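Quick notes on the structure that follows.
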Amino acid sequence: HSFLRHISSLCEGLNFIFGGSFYFWICSVYLTLISERVVLRICFSLNTQTICPLVRQCKVRWQDFDQDLYVGATVVRPGQDPYARNKFNQVESDKLRMDRAVPDTRHDHCRHKQWKSELPASSVVITFHNEARSALLRTVVSVLKKSPPYLVKEIILVDDYSDNPEDGALLGKIEKVRVLRNDRREGLMRSRVRGADAATAPVLTFLDSHCECNDHWLEPLLERVAEDKTRVVSPIIDVINMDNFQYVGASADLKGGFDWNLVFKWDYMTLDQRRARQGNPIAPIKTPMIAGGLFVMDKEYFELLGKYDMMMDVWGGENLEISFRVWQCGGSLEIIPCSRVGHVFRKQHPYTFPGGSGTVNTRRAAEVWMDEYKNFYYAAVPSARNVPYGNRLEMKKRLSCKPFKWYLENVYPELRVPDHQDIAFGALQQGGNCLDTLGHFADGVVGVYECHNAGGNQVALLRQHTQVSLLNTYSEDTWVALTVRAQWVC
Ligand SMILES: [Mn+2]
């Protein structure tokens, strides 16, 4: 230890005075004295902990990064729950090598395909908060290993105020990796915007912090964006099992969608859609919604379209918002089948939601983009009302974006709109009481209850001036309408 401290202070002092070359000189002198492996270890720990803040150019290839030292510092101790920190099995994740092989899950046609040689380089932006070191490292290494070097200009890690700043800082030693750390919790959207603002390449690639890129994942994505800057493209997202970390190929017949509760779901393509693709199974798939974390977008276009809603907190709803925005304001969303990236899907969020849940974000998306159709959402999620959203509406006007009706008709015709003749929403009120489903769904019994003005059981639809319906949807994906035939007298 005293030996280490001796070298450490010596290197630090010399570097401070003379710059980076002395560090390597010192190391090479000691190389003759001690075995190579020990020296590499010393260099590594010195470099990251004491020298890097002073000397910017001390970087290693990912192959030379000491995985054991980095991951070993945060292993799950005997008796601890391996799911406690990340809501996936960290023990299994920690066991894997940072560059473990994953199966090539692409369609056969992709293996023979040639990509354009002149593609724009990309900045890969990865935001994280208390991510398991092994998962974060594998994400970074898979980007470097599975991409042609000239297409990855840099990897920008945005540490959203993780408990341990070293989680990110130590990775800053790897070639091309830049680390930015927030000095308070900002959430996914502001963190991504910070990363995007710092990016120097013309194309942005956003990834989650628990991904593994597959063979030639980047070229097909960049090619689509290079051809048309208004395309926002994502890979097929393969599944990394959260319990055993097995890499499993996902179906290529899925699109992103949602129900009126505005929760993302995967839609299986219809028979016709699948038939139409048989001739060209690797053609891009237009998708109404992106899943969230993983997509590629031209940087200028990202800025033109208003980046992200900076008033959104933590997580959730942002994929909805950016999907509506891209489609309604003239762009398009695609899934590119020849690009595959694995992602650890979890059942629970590993972190807390300071200041409320993701519904605040969803409300903001609904208010700005869904016009009168937002009422279907409010009927489904009655608690979601009244959030400020001012500046986003101005942006929508400035970009002359299309109405939500256009989106429904042209982008997501599969989504069942409760009824084409539904023309107004409100409540049926007499004195202080409102007509209320009283929580009944199927039996057609309704009653009256004190008006609470929160929608839900008391949302009434006026249809064609002859019919009033009460709507309810607490079940995941079905609308239940209790229809009351009414004589409309006024
Ligand atoms: Mn994720």
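Ligands are counted one by one from 1 in listed order, and the atoms in each one are counted from 1 as well. Worth saying up front: this structure is predicted, and the values here are computed from it rather than measured.
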Is Arg364 salt-bridged to Glu367, going by a charged N under 4.0 Å from an acidic O? no

Output all residues satisfying salt bridge (charged side-chain N to carboxylate O under 4.0 Å, His left out) with Asp243, sequence neighbours left out; order by chain, then residue number. none

Measuring from the Mn ion (ligand 1), name the closest N, O or S atom belonging to Asp208. OD2

Partners of His343 by ring pair (Phe, Tyr, Trp, His ring centres under 6.0 Å), sequence neighbours excluded? His210, Phe345

Can you name the N, O or S atom of His210 that is closest to the Mn ion (ligand 1)? NE2

Look at the rings of Phe324 and Phe404 and say which category their plane angle falls in: under 30° parallel, 30 to 60° tilted, over 60° perpendicular. perpendicular

Does the shortest distance from the Mn ion (ligand 1) to an N/O/S atom of Cys211 fall below 2.8 Å? no

